Amino acid sequence: MEPEPRNITWKGSMPHYDEVQTPLDLFRMFITEDILSNIVDQTNLNAMRKKNLALKLSLEELRRFLGVQMLMSILKLPAIRMYWENGIRYSPVADTMSRDRFISLRSFFHICDDTLMIPKGEVGHDKLFKIRRLYDAFSENLKKIDPEEIQSIDEQMIPFKGTIGFRQYLKDKPHSWGVKVFTRAGISGIVYDIEIYTGKGAVEISELGQGTDVVLRLVENLPRFMNFKLFFDNFYTGIDLIHKLRVEYGIESCGTIRSNRMRGAVLDTDANMKKKGRGSVDFRFERHSEVSVVKWYDNKPVHLASSYCAVTPIDKCQRWDGTTRKYVEVDRPRIVRDYNKSMGGVDLADMFLELYRTDIRSKKWYMRIVYDVVPDGDVVCDFNAKIGCDYSYEPGELR
């Protein structure tokens, strides 16, 4: 028996950003004057401590430096020095700042006071201390965005192959090696919250499991009981999580689920479903948690669970048949349709970010994160693509 229909109409409204007119407005929305002022102070301090050098970086020059970085993420050359070389000189960069000054600012760029860092192994050591002020401020500023109805949670990778204690490997990501970031994004690709993963034991795991804990932290700032629709993959999905999101947060959710997390729900065997052919489906509805578990057979069985949808209505989808070498129509339950349509928000954010990622190599892991957040951060790229901002501004205008 399928669950009884409930009113799951979204109670929110689409965001409006009439005050946002240019990419510069977006930059100021997320990278505030306080953040920039701190970078100026710490960069000057770092130069004095390391080389006894009076760098004399000003707020205006930092804006030009970041504007140059943005341009480099759009017009990419094999080496940084090529922007200033005769013959291929790129004047919007070269006329804004000299090569040696740019390299010097990159070398001393800093966000924190290293003398305040608690040593590794001592109580209170922060693995993200090098970027903590920027990370916390940027994460807080993400919450300024009015959330849309359909959102998803997935992992992103900030590419980095250097030495770092919490470097991860995810084989299915475009950049397999790097810093893993748990991300909540809308179906439009707009990022609403992030959490950098710093390794096993960094955060205490509850009895509900790591995946559930990550989801609950990322939705903590969502307005309650507004009927948001949240999607995630089988790393996160569990019956308890789906039930908790609906009862305590008023969030309807859906995700693929591992067979050992289905609380013993007995579904048709793989062999029987294979005999029935592609598109065959079986499901169970747990009354206590009010969660539906669906098994759909395509080329192989797929398990999904949801608090708001199950099998009906069934539609048709085009799937490739390797035997006949052509596309065939296959029955598809609603839960599969909704999941496939709504799960790609984080991947879309990844695509936007990749278009404008700053390809500057650095042995400093924290600078790789800075290059992703400051000059071409997730939200700036996503908004630029969505609201039609143009890039017709000079680096010096980033003020």
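Remember, it's a predicted structure, so these values are computed and weren't measured experimentally.
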Do other residues, nucleotides or ligands put more than 12 heavy atoms under 6.0 Å from Lys274 NZ?
no
Above 12 or not: heavy atoms from other molecules or residues under 6.0 Å from NZ of Lys341?
no
Determine, using ring centers only, whether Trp365 and Phe160 are less than 6.0 Å apart.
no
Do Leu245 and Ser253 have side chains that get closer than 4.5 Å, going by heavy atoms?
yes
Hey, are the side chains of Tyr297 and Lys276 touching, using non-hydrogen atoms and a 4.5 Å cut-off?
no
Could you tell me if the side chain of Thr32 sits less than 4.5 Å from the side chain of Asn141, heavy atoms only?
yes
Show your working on side chain to side chain contact (heavy atoms under 4.5 Å, CB included) between His243 and Glu290 and close with a plain yes or no.
CA-CA 7 Å; His243 176 70; Glu290 296 187 320; 5.6 Å; no
So do the side chains of Tyr169 and Lys171 get within less than 4.5 Å of each other, counting heavy atoms only?
yes
Quick check on salt bridge (charged side-chain N to carboxylate O under 4.0 Å, His left out): which of Asp268, Asp282, Asp270 does Lys295 satisfy it with?
Asp270
Should we count OH of Tyr327 as having more than 12 external heavy atoms under 6.0 Å?
no
Taking atom CZ of Arg224 as the centre, report whether more than 12 heavy atoms of other residues, nucleotides or ligands fall under 6.0 Å from it.
yes
Centres of the Phe166 and Tyr197 rings: under 6.0 Å?
no
Lys/Arg N to Asp/Glu carboxylate O, Arg132 vs Asp136, below 4.0 Å:
yes
Any non-hydrogen side-chain atom of Asp193 less than 4.5 Å from a side-chain atom of Lys143?
yes
Remaining members of hydrophobic cluster (4.5 Å side-chain criterion), Leu45
none
Under 3.5 Å: donor-acceptor pair, side chain of Arg133, backbone of Cys112:
no
Of Asp213, Leu208, Ile257, Leu216, which is the lone residue that meets side-chain contact (heavy atoms from CB on, under 4.5 Å) with Leu241?
Leu216
Is it true that atom CD of Gln318 has more than 12 heavy atoms of other residues, nucleotides or ligands lying nearer than 6.0 Å?
yes
For the residue pair Trp84 and Phe102, is the inter-centroid distance of their aromatic rings smaller than 6.0 Å?
yes
Are His175 and Glu354 linked by a side-chain donor-acceptor pair shorter than 3.5 Å?
yes
Do Tyr90 and Val68 have side chains that approach each other closer than 4.5 Å (heavy atoms only, starting at C-beta)?
no
Grab the two heavy atoms, one from Phe283 and one from Val294, that are nearest each other, plus how far apart they are.
CB-CG2, 3.8 Å
Should Arg106 and Gln69 count as side-chain neighbours, where that means a heavy-atom distance under 4.5 Å?
yes
Are Met97 and Leu105 close enough that some pair of their side-chain heavy atoms sits under 4.5 Å apart?
yes
Does anything in residues 42-56 pair up under side chain to side chain donor-acceptor pair (under 3.5 Å), and if so which pairs, sequence neighbours excluded?
Arg49-Asp113
So, are Glu149 and Lys229 salt-bridged, with charged N and O less than 4.0 Å apart?
yes
Just by distance, no angles: are the side chains of Ser188 and Glu148 close enough, under 3.5 Å, to form a donor-acceptor pair?
yes
